[in-house]
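Below: one structure, written as structure tokens.
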Amino acid sequence: MEIRVPADAEQIIDKLNEHGFEAYVVGGCVRDSLLGKEPEDWDITTSAKPEEVKAIFSRTIDTGIQHGTVTVMLNRQGYEVTTYRVDGEYEDGRHPKSVDFTTSLLEDLKRRDFTINAMAYNGREGLVDAFGGMEDLENRVIRCVGSAVNRFTEDALRILRAVRFSAQLDFRIEDETYEAISLIAPNLEKVSKERIATELTKLLLSGHPEKMKRVSDTGASRYISEPFFKAAMLSKGELRPLGCLPAVKYMRWAGFLRREQGETAADILRDLKMDCDTMDRVKILVSRWRTPIAAEKPAIRRVMNQIPGDLFDSLLCFQEVFAGEVGEGYGETLKTVKALAEEIRRAGDPVNLKELAVDGRDLMAAGMKPGPALGKTLNALMEQVLERPECNERAYLLRAAGLENGIKES
Ligand code: ATP
Ligand code: MG
């Protein structure tokens with residue numbers, strides 16, 4: 001079994017070896033290589049202690065020194081080098097009480113979550129596969145290392161990781177592992193929302209977002225949050241089309257939450273400590289997608305006016321995927337909408353206040369007092385221009401605002 005380790009990672013391993021330490025690439029990169037996929041990053045596990053790693057390499061960063069991780073910088077690229085470790089007892093189903101270093105590679109592999117993630121490799125010794133990871137890769141199964149109940153009890157996040165990997169790899173979850181998930185699911189209440197959100201996002205961005213269904217089927221969704229549980233129930237039978245959406249965070253989350261009210265969708269994401277940008281975008285898509293856009297330029301310009309530029313395209317894309325749910329024949333309407341939107345952009349029709357031929361200062365120069373009326377007037381003028389873009393002319397708009405006599409040229 002040959003794995004093509006990049007030259008930099010190999011150099012790090014060689015250098016550690018020269019100093020008398022063991023070192024291997026480990027975890028996700030071994031799994032992905034064996035699957036014929038290009039790994040995202042190459043993690044290295046070593047018998048060297050963090051201080052020893054730091055002494056060997058000239059450029060290092062203390063990324064997670066308390067967990068034994070040092071990032072070694074080589075050719076502007078970072079490699080996480082982690083000392084062999086055993087996790088101490090898990091106090092609270094979240095954090096190991098302590099992290100102890102060990103000199104045994106096997107001990108380090110044993111603490112890892114799934115057999116397919118618990119393999120190590122280096123050029124000298126080849127593949128180290130102590131838990132049948134290779135066989136599970138071949139049979140396409142997710143299986144815990146050791147007792148599934150114990151592993152999920154130690155860290156309940158592994159429950160969502162199991163589902164996430166099953167979605168990314170399109171693997172089945174082995175029976176004992178699956179049963180343990182259902183059994184230990186209540187412990188998810190103890191896991192931080194940020195960690196949960198990361199796994200759910202990876203699941204949604206995977207090739208099989210419809211496997212979000214497993215989060216409900218296993219009973220896990222109930223322990224994420226009550227509104228999440230309800231949302232997952234509501235969308236359970238309608239997850240298939242999610243895979244047709246681009247693998248973009250806010251698109252997939254909006255697809256999953258599309259049956260909710262915009263505000264509820266935002267609340268669910270806020271509870272998961274999601275970033276504001278994602279929350280805002282999901283809220284807009286979820287509140288708008290059900291409303292058909294009329295195949296007329298003024299209507300289209302109005303929608304363009306109401307939401308940020310790039311989100312307009314996302315909205316059309318979203319509606320395209322769920323056209324059948326928007327309404328009968330909407331797919332056809334949407335084609336016209338797209339063509340007209342294209343024309344609007346080509347023509348450069350003004351669709352927001354910045355593009356209006358007059359601004360607040362113009363109105364004041366023409367004699368208007370600052371205040372709420374000024375904003376109202378601008379909006380009314382914008383409305384006119386959305387209807388008829390040819391009206392976007394300074395003199396005309398000032399006249400339309402009833403200010404034709406007060407123009408003071410500056
Ligand atoms: P990817 O980075 O593609 O999502 P990965 O397998 O690299 O997948 P990471 O979260 O980066 O996943 O973790 C790296 C490795 O650390 C895993 O392969 C696994 O061996 C181990 N690991 C990560 N999280 C846990 C956990 N919660 N419990 C046990 N082992 C874990
Ligand atoms: Mg990784």
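For clarity, every value in this text was computed on a predicted model and none was experimentally measured. Each ligand, and each atom within it, is numbered from 1 in the order the structure gives. The residues of the chain are indexed from 1 along the displayed sequence.
- When non-hydrogen atoms are compared, ligand 1 lies under 4.0 Å from the side chain of Phe165 (C-beta onward) but not from its backbone.
- Neither the backbone nor the side chain of Met119 has a heavy atom within less than 4.0 Å of ligand 1.
- The closest approach between Gln168 and ligand 1 stays at or above 4.0 Å for every heavy atom of the residue.
- Summarising the geometry of Val326 relative to Arg290, their closest heavy-atom pair is CG1-O, 3.8 Å, with the distance given to 0.1 Å.
- Near Arg31, meaning under 4.0 Å from one of its heavy atoms, ligand 1 places the atoms 3 (O), 5 (P), 6 (O), 8 (O).
- The only option from Leu316, Val337, Thr336 that meets the side-chain contact (heavy atoms from CB on, under 4.5 Å) definition with Ile300 turns out to be Val337.
- Side-chain N or O atoms of Gln261 include none that pairs as donor or acceptor with a backbone N or O of Thr264 at under 3.5 Å.
- You'll find the ring centres of Tyr84 and Phe21 outside the 6.0 Å limit.
- Residue-ligand proximity: Leu157 is placed with every non-hydrogen atom at 4.0 Å or more from ligand 1.
- Not close to ligand 1: Glu154, with no non-hydrogen atom less than 4.0 angstrom away.
- Each of the following atoms of ligand 1 lies closer than 4.0 Å to a heavy atom of Gly27: 18 (O).
- Under the ring pair (Phe, Tyr, Trp, His ring centres under 6.0 Å) criterion, Tyr250 pairs with no residue, sequence neighbours left out.
- Counting the atoms of ligand 1 from 1 in the order shown, those under 4.0 Å from a heavy atom of Lys202 are 4 (O).
- Look at Phe114 and you'll find every heavy atom at least 4.0 Å from all atoms of ligand 1.
- The minimum heavy-atom distance linking Lys54 with Thr60 is given by the pair CG-OG1, 3.7 Å.
- The heavy atom nearest to atom 4 (O) of ligand 1, considering only Arg164, Arg195, Arg158, Glu40, is found in Arg164.
- Of the heavy atoms in Asp155, only side-chain atoms (C-beta onward) come closer than 4.0 Å to ligand 1.
- At least one N or O atom of Asn117 sits closer than 3.5 Å to an N or O atom of ligand 1.
- Residue Arg161 places a heavy atom less than 4.0 Å from ligand 1.
- We find that Glu383 and Arg302 are joined by a salt bridge, their nearest charged nitrogen and carboxylate oxygen being less than 4.0 Å apart.
- Scanning for ring pair (Phe, Tyr, Trp, His ring centres under 6.0 Å) contacts around Phe322 gives Trp289, Phe318, with sequence neighbours left out.
- A salt bridge is absent between Asp280 and Lys283; no separation between the charged side-chain nitrogens and carboxylate oxygens falls under 4.0 Å.
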